[in-house]
**Q** 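Sharing a structure with you now.
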Number of protein chains: 2
Amino acid sequence: MQKDLLHHIGKFIPLNEAEQQLLVDRIRYEKIPKKGFLLQAGKVCSGRFFVISGCLRQYVMKENESEQIIQFGLPGWWICDHRSLENGEPSEYYVQATEVSEVAIIDAGVQEELFSKIPLLERYFRLIFQRAYDASLTRISLEYCISGEERYHQFAKNFPDFVQKIPQYMLASFLGLTPEFISIIRAKKKR
Amino acid sequence: MQKDLLHHIGKFIPLNEAEQQLLVDRIRYEKIPKKGFLLQAGKVCSGRFFVISGCLRQYVMKENESEQIIQFGLPGWWICDHRSLENGEPSEYYVQATEVSEVAIIDAGVQEELFSKIPLLERYFRLIFQRAYDASLTRISLEYCISGEERYHQFAKNFPDFVQKIPQYMLASFLGLTPEFISIIRAKKKR
DNA sequence: TGAATTTCTTAAAGTAGTTCAATTTTTAGT
DNA sequence: ACTAAAAATTGAACTACTTTAAGAAATTCA
């Protein structure tokens with residue numbers, strides 16, 4: 001289990017024995033029950049969460065009291081309100097498990113020690129954020145360039161298992177559509 | 001002029017004399033004429049561009065042959081197709097000056113040297129990308145949570161000078177709206 | 001300065017998706 | 001196994017914006 005995160009990081013940067021040991025010592029692991037929260041709006045984000053197994057979702061509450069899912073956290077992905085974590089400000093986000101999940105946690109109080117003792121860790125996170133940022137620009141681009149229906153199809157093609165697994169209303173929220181519309185799209189596809 | 005980028009970086013990480021000198025030696029400066037390109041689709045992104053003065057825009061071509069602006073580069077901001085730069089793949093983006101601009105450039109061939117000789121530079125870019133990523137998630141959130149008209153008003157409130165300065169059709173593109181709709185919004189506001 | 005080009009404005013028609021609401025199906029819990 | 005709750009389906013009415021198109025205004029360029 002711990003090997004998962006070390007192995008993942010090791011794909012980006014070389015880690016010597018001492019550095020690996022330090023990570024093993026400092027990183028916490030938690031099992032989160034379905035619907036369990038790692039972050040709630042109004043609280044400061046306490047750490048960075050790496051999904052080992054299961055699935056998390058990050059969402060905000062809209063004015064009309066409904067939830068807007070901003071991103072999912074699949075295995076191998078990080079999820080966190082980075083601004084809240086870095087600045088110690090209350091978050092507007094919720095981070096919740098959509099199913100029983102296991103996460104590796106770098107607590108806020110531990111991260112600077114890790115960065116100073118493992119300098120290449122900054123490089124790892126720079127690469128991670130660079131990719132995440134690029135992906136989010138692509139997401140914005142798709143939002144403006146193709147229809148909601150096409151975005152659904154593209155997403156279903158890229159993540160077929162995920163689309164099968166999560167509730168339709170969550171998928172709709174994440175894509176900025178309504179569950180009713182997803183039903184219409186899916187009914188069309190069956191003809 | 002060179003002092004601008006060094007000063008900016010110095011707000012995030014400490015740089016010693018040798019490191020500052022190295023940056024001065026390796027970073028290039030270019031004056032870009034209005035409408036001049038720094039990147040064109042089909043080409044590999046050759047460097048990271050930091051806007052000293054002026055304004056850049058990053059856009060893709062839609063299927064219908066129109067342009068979709070994904071982001072602007074204002075003074076103090078970085079702009080680049082990071083995936084193209086890191087992987088050496090042809091970009092789908094264009095980066096163009098909307099007015100005469102001055103940019104500081106970290107060429108692709110120079111960046112690894114800088115990262116290895118100035119380890120904290122990775123930290124600087126990690127922080128930059130973390131902020132950019134957080135801002136892009138906020139942008140996605142706004143896209144789904146409030147109307148296009150409200151997004152226009154919020155943007156105009158946050159960047160009043162910018163909104164005055166750039167052509168309406170570019171602003172519309174960036175916000176995922178039409179120029180006609182911006183005209184309607186602005187006409188409403190005058191009553 | 002004048003002409004060409006670009007940008008903006010305006011209005012009407014159109015549309016991609018939403019809202020609302022009721023019913024059906026599926027899931028969860030005891 | 002049964003019930004309650006949650007999720008999905010369906011269809012009709014609605015709407016936030018887009019598309020189309022023409023004319024006016026502003027900008028650019030030689």
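Reminder, nothing fancy here: chain letters follow the sequence lines and each chain counts from 1.
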**Q** Rounded to whole Å, how long is the line connecting atom CZ of B:Arg151 with atom C1' of D:dA16?
**A**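 One finds 12 Å between C1' of D:dA16 and CZ of B:Arg151, rounded.
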**Q** Once you round it to whole Å, what is the distance between C1' of D:dA16 and CD of A:Glu143?
**A**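 Distance, rounded to whole Å: 14 Å.
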**Q** Test for a donor-acceptor pair under 3.5 Å between the base of C:dC20 and the side chain of A:Glu180, counting only N and O atoms.
**A**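 Flag set: donor-acceptor pair detected.
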**Q** Go through C:dT9, C:dG17, D:dA8 for me and flag the one nearest to the A:Phe181 side chain.
**A**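 Of the candidates, C:dG17 comes closest.
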**Q** Out of A:Leu23, A:Asp25, A:Val24, which one pairs with A:Ile27 under the side chain to side chain contact (heavy atoms under 4.5 Å, CB included) rule?
**A** A:Leu23
**Q** How many Å lie between CD1 on A:Ile166 and C1' on D:dA6, as a whole number?
**A**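 Interatomic distance, CD1 of A:Ile166 to C1' of D:dA6: 16 Å.
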**Q** Test the A:Arg139-B:Tyr133 pair against the cation-pi criterion, namely NZ or CZ under 6.0 angstrom from the six-membered ring centroid and within 45° of the ring axis.
**A**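 Not satisfied by the 6.0 Å and 45° rule.
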**Q** Check the distance between D:dT15's C1' and B:Ile184's CD1 and give it to me in whole angstrom.
**A** 13 Å
**Q** Can you check the B:Arg186 CZ to C:dT7 C1' distance for me, whole Å?
**A** 12 Å
**Q** Once you apply a heavy-atom cut-off of 4.0 Å, does A:Pro179 come out as touching a base, just sugar-phosphate, or nothing?
**A** nothing
**Q** Looking at C:dT9, C:dG17, D:dA8, which one has an atom nearest to any side-chain atom of A:Glu149?
**A**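 Selected nucleotide: C:dG17.
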**Q** Quick check: on DNA chain D, is the nucleotide nearest B:Lys34 upstream (toward 5') of the one nearest A:Met170, or the reverse? Name the residue that is more 5'.
**A** A:Met170
**Q** I need the CD1-C1' distance between A:Ile146 and C:dA16, as an integer number of Å.
**A** 14 Å
**Q** Would you say a side-chain N or O of A:Thr178 is under 4.0 Å from OP1 or OP2 of C:dG17?
**A** no
**Q** Give the nucleotide from the list D:dA8, C:dT18, D:dT28 with an atom nearest to the side chain of A:Ser183.
**A**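 Within the option list, the nearest is D:dA8.
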**Q** Taking 4.0 Å as the cut-off, does a side-chain nitrogen or oxygen of A:Gln168 come that near to OP1 or OP2 on D:dT9?
**A**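 Looking at the OP1 and OP2 atoms of D:dT9, one of them is under 4.0 Å from a side-chain N or O of A:Gln168.
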**Q** Looking at A:Phe125, is A:Arg48 sitting on its ring face, NZ or CZ under 6.0 Å from the six-membered ring centre and within 45 degrees of the normal?
**A** yes
**Q** Tell me which of A:Leu177 and B:Ile182 sits closer to the 5' end of DNA chain C, going by the nucleotide each one is nearest to.
**A** B:Ile182
**Q** Step through it carefully: locate the ring centre of B:Phe155, locate the ring centre of B:Phe174, and say whether they are under 6.0 Å apart.
**A** yes
**Q** Atom NZ of A:Lys188 to atom C1' of D:dG11: distance rounded to whole Å?
**A**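 Distance, rounded to whole Å: 15 Å.
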**Q** Any salt bridge between A:Arg186 and A:Glu149, counting N to O under 4.0 Å?
**A**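 A salt bridge is absent here (no side-chain N lies under 4.0 Å from a carboxylate O).
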**Q** Give the rounded distance in Å between these two atoms: OH of B:Tyr169 and P of D:dT18.
**A** 17 Å
